[in-house]
Q: 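Handing you this structure, nothing more for now.
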Amino acid sequence: MKTQITDLLGIESPIIQGGMAWVAEYHLAAAVSEAGGLGLIGAASAPAQWVRDQIRAARELTDKPFGVNIMLMSPYAEEVAHVVAKEGVSVVTTGAGSPEKYIQLWKEAGIKVIPVVASVALARRMERCGADALVAEGCESGGHIGELTTMTLVPQVADAVNIPVIAAGGIADGRGIAAAFMLGAEGVQMGTHFIVTTESQVHENYKNSVLKAKDIDTKVTGRSTGHPVRALRNRMTKEYLKLEAAGASFEELEHLTLGGLQKAVVEGDVANGSLMAGQSAGLVKEALSCKDLICKLTREAEALLKGSRP
Ligand code: TUI
């Protein structure tokens with residue numbers, strides 16, 4: 001599938017694996033890139049040294065382009081921004097903020113810069129600052145989310161900018177990819193489906209929770225604190241939403257989610273951990289290798305875009 005995104009990034013399929021906190025480590029990123037998509041290492045709130053080690057480990061596993069996602073609310077964002085420039089990764093994506101002050105540094109290092117945006121205003125600003133492409137992420141996504149849905153955000157961003165747009169949020173199969181293209185996207189970013197792939201190092205309990213999830217099994221916590229986060233519903237989200245409705249303080253609520261990703265991803269604590277996942281979890285039914293998943297997605301999307309059923 002050749003698009004502006006495959007040309008820009010030098011990849012075979014216009015499928016980008018989301019830079020999911022704790023989930024997107026080097027085994028997964030390298031497997032996605034080896035399979036012809038773009039793998040990302042999620043820097044999340046990790047220190048710069050961890051990110052450097054991950055980049056070097058991924059490079060041992062693949063010669064193909066891969067990237068790093070920088071979560072801009074991280075206390076280490078500045079250090080990580082310099083590490084990716086020094087290590088010379090192919091692509092940087094950013095989330096949870098505006099990467100304006102780093103764009104020149106990355107461009108000078110020859111890195112393709114792809115900010116994740118949740119609004120037209122930020123999309124326009126990023127284009128003016130020299131971004132190479134954008135991820136327009138709808139609130140169907142897992143993790144930290146904006147307000148708009150993928151269906152409404154992607155065409156509005158595509159109309160507002162001249163750089164290529166990658167759609168994210170709610171996409172887990174070939175139908176979603178074909179639909180994203182109809183909305184004006186030149187590529188897709190998917191997170192949730194990659195959690196369950198065979199190369200993903202995520203605890204089996206978390207993977208099984210995603211595989212079992214139904215349409216209404218995600219919840220958004222933190223709307224009242226200004227940091228909305230979508231995750232699979234469990235004991236933690238139930239308690240959080242109860243406290244939030246009762247007007248609990250930011251500190252009380254934070255306490256409940258402390259270490260939540262580690263509990264979910266490493267310990268497999270599916271009751272108390274933060275099982276970040278998007279609404280597409282209900283579409284994820286089987287655990288495939290990254291190669292088989294990307295082949296299946298591409299085959300399904302191409303058949304639909306040619307006007308035949310997959
Ligand atoms: O960043 C994400 N998703 C994430 S980050 C994350 S780590 C985390 N852990 C615990 C609590 C909170 C986060 C988990 N999931 N997606 C990209 C994204 N960026 N979604 C929304 C935005 C966004 C929102 C507002 C980007 C920019 C923005 O405004 C910036 C501005 O200055 O206008």
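Atom set for the values below is all heavy atoms of this structure, side chains included, hydrogens, waters and symmetry mates excluded. In listed order, ligands and their atoms are each counted from 1.
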Q: Step through the shown structure and confirm whether more than 12 heavy atoms of other residues, nucleotides or ligands are within 6.0 Å of CD on Gln201.
A: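 Yes, the 6.0 Å shell around CD holds more than 12 heavy atoms from other groups.
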
Q: Quiz question for you: does at least one protein heavy atom lie closer than 4.0 Å to atom 25 (C) of ligand 1?
A: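 No; the ligand atom in question lacks any protein heavy-atom contact below 4.0 Å.
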
Q: For Thr149 and Thr152, test the side chains for any donor-to-acceptor distance below 3.5 angstrom and give the result as yes or no.
A: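 Yes, because at least one side-chain N or O of Thr149 sits under 3.5 Å from a partner of the opposite role on Thr152.
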
Q: Ile103 and Val161: same hydrophobic cluster, using ILVMFWY side-chain contacts below 4.5 Å?
A: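 Ile103 clusters together with Val161.
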
Q: Among all protein non-hydrogen atoms, which one is nearest to atom 16 (N) of ligand 1, and what is the separation to 0.1 Å?
A: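 Heavy-atom neighbour on the protein nearest atom 16 (N) of ligand 1: Glu137 OE2, 3.2 Å.
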
Q: Any idea which part of His144 is under 4.0 Å from ligand 1, heavy-atom wise: side chain, backbone, both or neither?
A: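 Under 4.0 Å from ligand 1, His144 contributes backbone and side-chain atoms.
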
Q: Check contact between Met276 and ligand 1, using heavy atoms of the residue and a distance below 4.0 angstrom.
A: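 Yes, that is the case, since the closest heavy atom of the residue is under 4.0 Å from the ligand.
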
Q: Tell me: protein heavy atom nearest atom 19 (N) of ligand 1, and distance?
A: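 Checked against all protein heavy atoms, atom 19 (N) of ligand 1 sits closest to Ala96 N, 3.0 Å.
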
Q: Salt-bridge test for Lys107 and Asp132: reply yes if a basic N is under 4.0 Å from a carboxylate O, no otherwise.
A: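 Between Asp132 and Lys107 there is a salt bridge, with a charged N closer than 4.0 Å to a carboxylate O.
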
Q: Pair Glu127, Arg124 - check salt bridge (charged side-chain N to carboxylate O under 4.0 Å, His left out), show working.
A: CA-CA 5 Å; Glu127 181 180 43; Arg124 285 209 171 101; over 6 Å; no

Q: For residues Leu8 and Leu134: do they belong to one hydrophobic cluster (side chain heavy atoms under 4.5 Å, members Ile, Leu, Val, Met, Phe, Trp, Tyr)?
A: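 No, it is not one cluster - the side chains of Leu8 and Leu134 are not joined through contacts under 4.5 Å.
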
Q: State the atoms of ligand 1, each with its element, that fall below the 4.0 Å cut-off from a heavy-atom position in Gly143.
A: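 Near Gly143, meaning under 4.0 Å from one of its heavy atoms, ligand 1 has 14 (C), 15 (N).
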
Q: Dump the intermediate steps for side chain to side chain donor-acceptor pair (under 3.5 Å) on Asn272 and Asp269, then the final yes or no.
A: CA-CA 6 Å; Asn272 305 301; Asp269 183 348; 3.1 Å; yes

Q: At what distance is the nearest protein heavy atom to atom 5 (S) of ligand 1, and which residue and atom is it?
A: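 Looking only at protein heavy atoms, the one closest to atom 5 (S) of ligand 1 is Met71 CG, 3.6 Å.
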
Q: Between Glu302 and Lys306, is there a salt bridge with N-O shorter than 4.0 Å?
A: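 Judged by the 4.0 Å cut-off on N to carboxylate O distance, Lys306 and Glu302 do not form a salt bridge.
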
Q: Run the contact test for Gly97 against ligand 1 with a 4.0 Å cut-off on heavy atoms, strictly below, and give the result.
A: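 It does; at least one heavy atom falls under 4.0 Å.
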
Q: Should you measure from each heavy atom of Val116, which atoms of ligand 1 turn up under 4.0 Å away?
A: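 Going through ligand 1 atom by atom, the ones under 4.0 Å from Val116 are 17 (C), 18 (C), 26 (C).
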
Q: Could you find the nearest protein heavy atom to atom 33 (O) of ligand 1 and give me its residue, atom name and distance?
A: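 So the nearest neighbour among protein heavy atoms is Leu122 CD1, 4.2 Å.
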
Q: Return the closest protein heavy atom for atom 11 (C) of ligand 1 as residue, atom name and distance.
A: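 Its nearest protein heavy-atom neighbour is Val229 CG2, 4.1 Å.
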
